[in-house]
Amino acid sequence: MSDHNEDGQSRWWALALLSVAELLGMSLWFSASAVVPALKTEWHLDDLTAGWLTIAVQLGFVAGTLVSAFLNLPDIIKTRRLFAISIFAGALTNAAFGLYAGGPSSGIGLRFLTGVFLAGVYPPGMKIMATWFRAQRGMALGVLVGALTLGKASPYLVNAFGSSSWRNNVLLVSVLASLGGVIAVLFISDGPFALPAARFDWKQAFKLLGNRGVRLANLGYLGHMWELYGMWTWVPVMIRASVKLHGDSATLAEVGSFLVIGSGGLGCVIAGLVADRVGRTIVTSWAMAISGTCCLIVGFLYGGDPLMLLIVAVIWGGSVVADSAQFSTCVTELGDPRYVGTALTIQMCMGFLLTTISIELIPQVLKLVGWRYAFVILAPGPLFGVLAMLRLRSLPEAVRIAQGRR
């Protein structure tokens, strides 16, 4: 394709529209987690059971990505169609949670189904974006992941200023997600770098794991994911408890949770811009070093000045997801271009499966050592990730990353 196609205004429209659609569609992810305080009262939940409302989404996403990867769905089905159908199906399932969930059993089951459908939103959205950008791909995917990070944070804002009824707030999130589906149907298409639909090849799932560069990028991603969703799931719980202990308002905790998770949106954009200029392995390593440090210190601010807690938590929120898009960009640059969708889906499948362990582990550690040290258990993840990315940087194939910047 010509440079003219890549540099035209159409790709910036595609970036804007797809980012908005992802933001709205991915608002479904934490729609139940945001209303956990009300659910704990109404359904008599403990922290462990409440955590399963998030773990169920992770497991559903893993199940959805497994099916999608082995059937090569993102590469053999029109991506826009898969993207839009998945958003609408997820919105309907989330609405069913708001209307009919009467306890943890039905609620966890519906959250699992929501996760299954979100597997058709996140990886296909990244594949579509990759068809619009070759140069500046790290920036573009950074904007996209930043948008979906804001989307995941948005239920906390809805809960802060929305209805006093948790069911109404969940339904409002479904309405927002459906708008994302409408945008996908009416305005989103593949870009000039799209390849013809690939043939079904179940062996691709294993071939991709045999690619040394892709394998190291995935190992870095696993270290990143060990930390990310443990943080996203439990930091709002810690902030609520700390703010309550300090005697401040519940609204402050909800707005603070939105800012902490939402700050990752800005982090993703900045990391994408810098990575295209200085290299992805350097940016991912620095982001994990910063977030890993925050793991170790944030607990010491529990119960103290909410402003200090939120400042550190916002730095953590900005850095913990800043590198996320760069791992995925590395896979698009190092893997077989015909099966980019499958490669991204496998990466996410492995990462999200790992998150279920760290999400489950934190409340267990919390019982033993309290909030001061609960998040320390996440720190080995970013350390492992840094080692994997620095190893990738040293390999000859790393020259294919960020147009030679590694």
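Predicted, not measured: the structure shown is a model, and the values here were computed from it. Throughout, numbering of the chain's residues begins at 1 and tracks the sequence.
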Q: Taking all non-hydrogen atoms of both residues, which atom of V116 and which atom of A63 are closest, and how far apart?
A: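 Heavy atoms only, the tightest pair is CG2-CB, 4.5 Å.
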
Q: Got a second to check how far L378's CG is from C295's SG, nearest 0.5 Å?
A: 5.0 Å

Q: Tell me the closest heavy-atom pair linking M225 and G351, and the distance in Å.
A: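 Closest approach of M225 to G351: CB-O, 3.8 Å.
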
Q: Do side-chain atoms of T281 reach the backbone of R393 as a donor and acceptor pair under 3.5 angstrom?
A: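 No, the answer is negative, given that no donor and acceptor are paired below the 3.5 Å cut-off.
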
Q: Could you tell me the separation between the CE atom of M348 and the CZ atom of F327, rounded to the nearest 0.5 Å?
A: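 Nearest 0.5 Å value for the CE-CZ distance: 12.5 Å.
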
Q: Checking S263 side chain against V314 main chain: does a donor-acceptor pair fall under 3.5 Å?
A: yes

Q: Going by heavy atoms in the side chains, are C268 and V143 under 4.5 Å from each other?
A: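 Not in contact.
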
Q: Using the side chain to side chain contact (heavy atoms under 4.5 Å, CB included) rule, take S19 and L15 through it: C-alpha gap first, then chi angles, then the decisive distance, then the call.
A: CA-CA 6 Å; S19 296; L15 175 60; 3.8 Å; yes

Q: Check whether any side-chain N or O of R167 sits under 3.5 Å from a backbone N or O of G98 as a donor-acceptor pair, and report yes or no.
A: yes

Q: Quick one about S174 and N94 (side-chain donor to acceptor, distance below 3.5 Å, no hydrogens or angles considered), yes or no?
A: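 Looking only at side-chain atoms, S174 and N94 do form a donor-acceptor pair, the distance falling under 3.5 Å.
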
Q: Could you report the tightest heavy-atom contact between S27 and P155, atom names first, then the distance?
A: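 So the two residues come closest at O-CG, 3.2 Å.
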
Q: Please examine the side chains of C294 and F375, heavy atoms only from C-beta on, and report whether any two atoms are closer than 4.5 Å.
A: no

Q: Is the shortest heavy-atom distance from the side chain of S189 to the side chain of W132 under 4.5 Å?
A: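 Yes, side chains in contact.
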
Q: Begin from the C-alpha positions of T114 and T93 and carry the test side-chain hydrogen bond (donor to acceptor under 3.5 Å, both in side chains) through to its verdict.
A: CA-CA 6 Å; T114 302; T93 307; 4.9 Å; no

Q: For L23 and T149, what are the C-alpha separation, side-chain angles and deciding distance, and is it a side chain to side chain contact (heavy atoms under 4.5 Å, CB included)?
A: CA-CA 7 Å; L23 187 157; T149 299; over 6 Å; no

Q: Is there a side-chain contact between Y122 and F83 in this structure, where contact means two heavy atoms from C-beta onward sitting under 4.5 Å apart?
A: no

Q: Quick one: does I87's side chain get under 4.5 Å of S178's, heavy atoms only?
A: no

Q: Indicate the atoms forming the closest heavy-atom contact of G107 with W43, along with that distance.
A: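 Looks like CA-CH2, 4.4 Å.
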
Q: Of the non-hydrogen atoms in G181 and A84, which two are nearest, and what is the gap between them?
A: O-CB, 4.2 Å

Q: Counting distance only, does the side-chain N/O of N159 pair as donor-acceptor with the main-chain N or O of A34 below 3.5 Å?
A: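 Judged by distance alone, yes, a pair lies under 3.5 Å.
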
Q: Run the numbers on I183 and V20 for side chain to side chain contact (heavy atoms under 4.5 Å, CB included), then give the verdict.
A: CA-CA 8 Å; I183 292 172; V20 172; 3.6 Å; yes

Q: Okay, side chain of S291, backbone of V320: is any donor-acceptor separation there less than 3.5 Å?
A: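 Side chain of S291 to backbone of V320, a donor-acceptor pair under 3.5 Å: no, none is there.
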
Q: Do the two ring centres, one from W52 and one from F112, sit under 6.0 Å apart?
A: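 Between F112 and W52, which both carry aromatic rings, the centre distance is not below 6.0 Å.
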
Q: If I take atom CG from residue L301 and atom CD1 from residue I311, how far apart are they, to the nearest 0.5 angstrom?
A: 9.5 Å

Q: Within the distance-only criterion (no hydrogens, no angle test), does the side chain of T131 pair as donor or acceptor with the backbone N or O of I128 below 3.5 angstrom?
A: yes

Q: Atom CG of L39 and atom OG1 of T49: how far apart are they, to the nearest 0.5 Å?
A: 12.0 Å

Q: How long is the span from the CG atom in L392 to the CG atom in N218, to the nearest 0.5 Å?
A: 10.5 Å

Q: State whether the side chain of S242 and the backbone N or O of M238 hold a donor-acceptor pair below 3.5 Å, judged by distance alone.
A: no

Q: Given the side-chain rings of W29 and F61, with only the six-membered ring counted for Trp, is the space between their centroids under 6.0 Å?
A: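 Under 6.0 Å, so yes.
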
Q: Quick check: closest heavy atoms across Q326 and G272, and the distance to 0.1 Å?
A: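 Between these two residues, the closest heavy atoms are NE2-CA, 3.3 Å.
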
Q: Do T41 side-chain atoms and P37 backbone N/O form a donor-acceptor pair below 3.5 Å?
A: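 Between the backbone of P37 and the side chain of T41 there is a qualifying donor-acceptor contact (under 3.5 Å).
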
Q: Is it true that T355 and Q58 share a donor-acceptor pair across their side chains at a distance under 3.5 Å?
A: yes

Q: Check for a donor-acceptor pair, side chain of S358 on one end and backbone N or O of W226 on the other, with a separation under 3.5 Å.
A: yes

Q: Should we count CH2 of W286 as having more than 12 external heavy atoms under 6.0 Å?
A: no

Q: Can you check whether D323 reaches M288 side chain to side chain, under 4.5 Å on heavy atoms?
A: yes

Q: Evaluate whether atom CZ of R240 has more than 12 neighbouring non-hydrogen atoms of other residues, nucleotides or ligands under 6.0 angstrom away.
A: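 Counting neighbours around CZ of R240, more than 12 heavy atoms of other residues, nucleotides or ligands fall under 6.0 Å, so yes.
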
Q: To the nearest 0.5 Å, what is the distance between CD1 on I359 and CH2 on W234?
A: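 These two atoms lie 9.0 Å from each other.
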
Q: When the ring centroid of Y373 is compared with that of F300, is the distance short of 6.0 Å?
A: yes

Q: Take D47 and K40 through the test salt bridge (Lys or Arg N to Asp or Glu O under 4.0 Å) and record every step on the way to the result.
A: CA-CA 8 Å; D47 284 340; K40 288 176 75 172; 2.5 Å; yes

Q: Does the side chain to side chain contact (heavy atoms under 4.5 Å, CB included) test come out yes or no for V321 and W232, once each step is laid out?
A: CA-CA 10 Å; V321 72; W232 272 356; 3.8 Å; yes

Q: Is there a side-chain contact between W371 and V237, using heavy atoms and a 4.5 Å cut-off?
A: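 Yes, side chains in contact.
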
Q: Within the 4.5 Å heavy-atom criterion, are W316 and E227 side-chain neighbours or not?
A: yes

